[in-house]
Amino acid sequence: MIDPRLLRDDPDRVRAAQAKRGLSDDVVDRALAADSARRQAIADFEAKRAEQKASGARVAKAQGEEKQALLAQVKELAAGVKEAEAARNAAEAEWDEAIRAIPNPAADEAPAGGEDDFVVLETIGTKPEFDFEPRDHVELGAMLGAFDLERGAKVSGSRFYFYTGIGARLHRALVNMAMDMAHANGFTEVVAPALVKSRAMEGTGFLGQAADDVYRIEGQDLYLVGTSEVPLAAYHSDEILDGAQLPLRYAAFSSCFRKEAGSHGKDTRGIFRVHWFDKVEMFVYTTVEESYAEHQRLLAWEKEFMDALELHYRVIDVAAGDLGTSAQRKFDCEAWIASQGRFRELTSTSNCTDFQSRRLDIRTRGESGTVNVATLNGTLCSTNRPMIALLETHQNEDGSVTVPQALRPYLGGLELIKPLA
RNA sequence: GGAGGCGUCGCCUAGUCCGGUCUAUGGCGCCCGCCUGCUAAGCGGGUUUGGGGCUACAACCCCAUCGAGGGUUCAAAUCCCUCCGCCUCCGCCA
């Protein structure tokens, strides 16, 4: 949720922000109208309520006939108060809905436009070259016995799989390495629930335009998270955080579930785009002022992880229209996928400034009163895509895969993953 | 799943039976001041959060806030209902 004061004081800035994302500014006018209607309704209710309270005090003191007369009088007031209260509630609901429909205004630095209007900030490493025809991760996985796609489909349906043998070990190695790096960088390790209430989902902005992608538990107010950003953002909801404790940095492991609605036929091969995967996510609470520098730090930690896997990748500055509801700016690390001949998103880090914290009511004490904190998130290690990138990047002609140095300690020193006999 | 208990403005706590100066008591902690070689003690004052009005975004005034939401009533921390959370016991279970 954006700052209501920004809307009131500088609506043109919000209009410009909508335009930068390629969105209509109708919501701005709607919210402005709702705001003044709401304030009018509040003033009306409060005036009536104050009158009722004053009269109530007189009734309490009065005796006998005088009391009876006052009672009759005050009864009428009560009806008016009730009406005014209902009107106020309706006006506040309308206002709430209107302002929540406005996404976080993008940073000035974020490129304008949509999905294809990103800016490449840097490219790291060199494109892997093979003097043989490289295999894709599905072929490699089959040769190594790393995952079982057929049985995944049999048991759970399309876009499901089992990690098996060396695949399961690699999965565990990636998670462990990521967690160790996070720990070394001062993060608090967390294992988070993958099932959350609607408040958490709504507060992080996933029940808006992204609602179609979310699994809901039938008959209950519970949702499967698509990222542990959701439980981590809600972790400190309704709290006033001690400023001396900031920044609060968490690295959380959880399973992630996505319906992938609207991506039928896209990336159907292998484990690239699936309904379930596991992920270690970084999440930070800090001040809005500090958030910009913290965002760069999150990006640096993501790069550290990519570097550890010895991947060729680039960093992009995601355009305003592709930021999602909550983000003010977003950087993606895209790794080279040999079989696809292009860069694909492996990690993503967003600065949500105070957008989520306003919805989730997370504050700290500022110079004058409380202020909403900034929340930031960043992928440290989603399991599947790094797995794909590393298998394809480090494959050899015989189908074996050379293990990146940094990962070896997590595989008992294993240097080369060999195909099954 | 069954039975019972509990939820008060940072923490603890009075108030709830019997609705009305509750405008929520007291203690601890914290903040400001006084006193004091310094510190402690002592003394005085302040200390929930959100919103609205007015404004310099101050001061001030007002409304809401006793786990949440409804209801009864002229009036609800207090009475009724629903839900949530925690604790104890029983049952079941990884």
Side-chain angles (χ1 to χ4, degrees), chain A residues 1-11 13 31-100 191 193-203 217 219-223 231 234-246 248 255 285 287-289 354-373:
Chain A
M1 178 175 151
I2 65 165
D3 187 349
R5 217 159 29 211
L6 174 68
L7 179 75
R8 212 177 293 162
D9 297 346
D10 199 357
R13 250 189 78 194
L32 280 171
D35 187 29
S36 63
R38 157 185 161 271
R39 285 151 76 191
Q40 180 60 53
I42 288 171
D44 182 51
F45 162 73
E46 287 186 355
K48 289 191 165 119
R49 175 68 179 150
E51 195 184 344
Q52 183 193 33
K53 281 181 71 168
S55 306
R58 281 201 297 277
V59 171
K61 279 181 211 152
Q63 293 293 328
E65 262 181 52
E66 191 195 352
K67 185 159 188 165
Q68 291 312 310
L70 276 171
L71 272 179
Q73 208 181 81
V74 145
K75 233 169 191 169
E76 278 175 50
L77 274 178
V81 167
K82 208 158 204 173
E83 236 170 79
E85 186 177 18
R88 184 204 60 178
N89 289 345
E92 291 202 314
E94 162 63 15
W95 149 250
D96 201 54
E97 199 185 314
I99 196 158
R100 277 169 192 260
V191 179
L195 223 40
V196 299
K197 297 196 279 191
S198 55
R199 170 93 196 283
M201 223 55 187
E202 211 282 325
I217 303 299
Q220 286 190 283
D221 180 36
L222 283 174
Y223 297 81
Y235 188 63
H236 285 301
S237 55
D238 301 321
E239 291 181 27
I240 298 175
L241 304 175
D242 178 2
Q245 302 286 317
L246 300 178
L248 284 168
S255 288
Y285 296 87
T287 60
V288 171
E289 297 72 47
D354 52 3
F355 187 85
Q356 293 178 329
S357 74
R358 200 168 282 113
R359 289 182 176 206
L360 290 167
D361 193 21
I362 308 162
R363 291 163 291 162
T364 189
R365 294 189 195 279
E367 296 257 315
S368 53
T370 61
V371 287
N372 287 99
V373 301

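Proteins get letters first, then strands, A, B, ... in listed order; numbering begins at 1 in each.
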Visitor: Please confirm whether the shortest side-chain N or O distance from A:Lys53 to OP1 or OP2 of B:rA64 is below 4.0 Å.
Guide: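 Yes, such a contact exists.
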
Visitor: Contact class for A:Lys82 (heavy atom, under 4.0 Å): base, sugar-phosphate, or nothing?
Guide: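 Sugar-phosphate, backbone atoms only, no base.
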
Visitor: Quick one: stems for RNA chain B, with Watson-Crick or G-U pairs under 3.5 Å, at least three in a row?
Guide: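 As far as RNA chain B goes, consecutive pairing (with distances under 3.5 Å) yields the stems B:1-7 with B:84-90, B:10-12 with B:26-28, B:29-34 with B:42-47, B:49-53 with B:60-64, B:67-71 with B:79-83.
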
Visitor: Provide the distance between the two C1' atoms, one in B:rC43 and one in B:rC62, to the nearest whole Å.
Guide: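 Those two atoms are separated by 35 Å.
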
Visitor: Output yes when A:Asp35 and A:Arg8 qualify as a salt bridge under the 4.0 Å nitrogen-oxygen rule, no when they do not.
Guide: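 Yes, A:Asp35 and A:Arg8 are salt-bridged.
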
Visitor: Check the distance between B:rU65's P and A:Asp238's CG and give it to me in whole angstrom.
Guide: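 Between P of B:rU65 and CG of A:Asp238: 17 Å.
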
Visitor: Between B:rC74, B:rG50, B:rC63, which one does the side chain of A:Thr370 approach most closely?
Guide: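 Looking only at heavy atoms from C-beta outward on A:Thr370, the closest nucleotide is B:rG50.
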
Visitor: Could you tell me the separation between the CG atom of A:Asp44 and the P atom of B:rA64, rounded to a whole number of Å?
Guide: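 A:Asp44 atom CG is separated from B:rA64 atom P by 14 Å.
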
Visitor: Roughly how many Å is it from CD in A:Glu85 to P in B:rC62, rounded to a whole number?
Guide: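 Answer to the nearest Å: 20 Å.
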
Visitor: To the nearest Å, how far apart are A:Asp221 CG and B:rG85 P?
Guide: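 Going from A:Asp221 (CG) to B:rG85 (P), I get 11 Å.
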
Visitor: RNA chain B: A:Arg363 or A:Arg5, which has the more 5' nearest nucleotide?
Guide: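 Its nucleotide being nearer the 5' end, the pick is A:Arg363.
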
Visitor: Between A:Lys197 (NZ) and B:rC83 (P), how many Å, whole number?
Guide: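 Rounded to whole Å, this separation is 15 Å.
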
Visitor: I'd like to know if A:Glu85 pairs up with A:Lys48 as an ion pair, taking the criterion as any Lys NZ or Arg NE/NH1/NH2 lying under 4.0 Å from an Asp or Glu carboxylate oxygen.
Guide: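 Result for this pair is no, no salt bridge flagged.
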
Visitor: Side-chain N or O of A:Arg49 versus OP1/OP2 of B:rC62: is the shortest distance under 4.0 Å?
Guide: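 No, because none of the side-chain N or O atoms of A:Arg49 sits under 4.0 Å from OP1 or OP2 of B:rC62.
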
Visitor: Determine the Euclidean distance between corresponding C1' atoms of B:rG44 and B:rG50; express it in Å to zero decimal places.
Guide: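 After rounding to an integer number of Å, I get 31 Å for this pair.
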
Visitor: Could A:Asp44 and A:Arg39 be called an ion pair, given the rule that one side-chain N must be under 4.0 Å from one carboxylate O?
Guide: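 Between A:Arg39 and A:Asp44 there is no salt bridge, as every charged N stays at least 4.0 Å from the carboxylate O atoms.
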
Visitor: Do A:Val81 and A:Glu51 have side-chain heavy atoms sitting under 4.5 Å apart?
Guide: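 With C-beta onward as the side chain, the pair stays apart.
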
Visitor: Could you give the CZ-to-C1' distance, from A:Arg199 to B:rC84, as a whole number of Å?
Guide: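 The answer, rounded to whole Å, is 13 Å.
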
Visitor: Nearest whole Å is fine: how far is B:rU23 C1' from A:Gln52 CD?
Guide: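 Interatomic distance, CD of A:Gln52 to C1' of B:rU23: 16 Å.
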
Visitor: Taking NZ, NE, NH1 and NH2 as the nitrogens, is one of them in A:Glu202 or A:Arg359 under 4.0 Å from a carboxylate oxygen of the other?
Guide: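 Judged by the 4.0 Å cut-off on N to carboxylate O distance, A:Glu202 and A:Arg359 do form a salt bridge.
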
Visitor: Counting distance only, does the side-chain N/O of A:Arg363 pair as donor-acceptor with the main-chain N or O of A:Val373 below 3.5 Å?
Guide: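 Such a contact is absent between A:Arg363 side chain and A:Val373 backbone.
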
Visitor: Sort me out a list of protein N/O and nucleotides 51-55 of chain B N/O pairs below 3.5 Å, or just none if empty.
Guide:
unit_1 : atom_1 : unit_2  : atom_2 : d
B:rG51 : O3'    : A:Arg38 : NH2    : 3.2
B:rG51 : N2     : A:Glu46 : OE1    : 3.1
B:rG51 : N2     : A:Glu46 : OE2    : 3.3
B:rG52 : OP1    : A:Arg38 : NH2    : 2.9
B:rG53 : OP1    : A:Arg39 : NE     : 3.2

Visitor: Using a heavy-atom cut-off of under 4.0 Å over every strand shown, decide if A:Glu76 touches base, sugar-phosphate, or nothing.
Guide: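 Nothing: the residue A:Glu76, judged by heavy atoms under 4.0 Å, touches no strand.
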
Visitor: Over how many whole Å does the gap from A:Glu239 atom CD to B:rU49 atom P extend?
Guide: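 Going from CD in A:Glu239 over to P in B:rU49 covers 15 Å.
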
Visitor: Determine the Euclidean distance between corresponding C1' atoms of B:rU25 and B:rC90; express it in Å to zero decimal places.
Guide: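 It comes out at 39 Å once rounded to the nearest Å.
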
Visitor: Could you tell me whether a side-chain N or O of A:Asp221 sits under 3.5 Å from a main-chain N or O of A:Lys197, the two making a donor and an acceptor?
Guide: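 No, A:Asp221 side chain to A:Lys197 backbone: no donor-acceptor pair under 3.5 Å.
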
Visitor: What's the gap between B:rA40 and B:rG29 when it is taken at their P atoms, as a whole Å value?
Guide: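 It comes out at 12 Å once rounded to the nearest Å.
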
Visitor: A:Tyr223: which residues meet the ring-ring contact (aromatic ring centres under 6.0 Å, His included) condition with it, sequence neighbours left out?
Guide: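 A:Tyr223 satisfies ring-ring contact (aromatic ring centres under 6.0 Å, His included) with no residue once adjacent residues are dropped.
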
Visitor: Which is true for A:Arg365 with a 4.0 Å heavy-atom rule: it touches a base, it touches only sugar-phosphate, or it touches nothing?
Guide: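 Sugar-phosphate, backbone atoms only, no base.
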
Visitor: Hydrogens and angles aside, do A:Gln52 and A:Arg49 bring a side-chain donor and acceptor to less than 3.5 Å of each other?
Guide: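 On atom types as modelled, these side chains qualify, holding a pair under 3.5 Å.
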
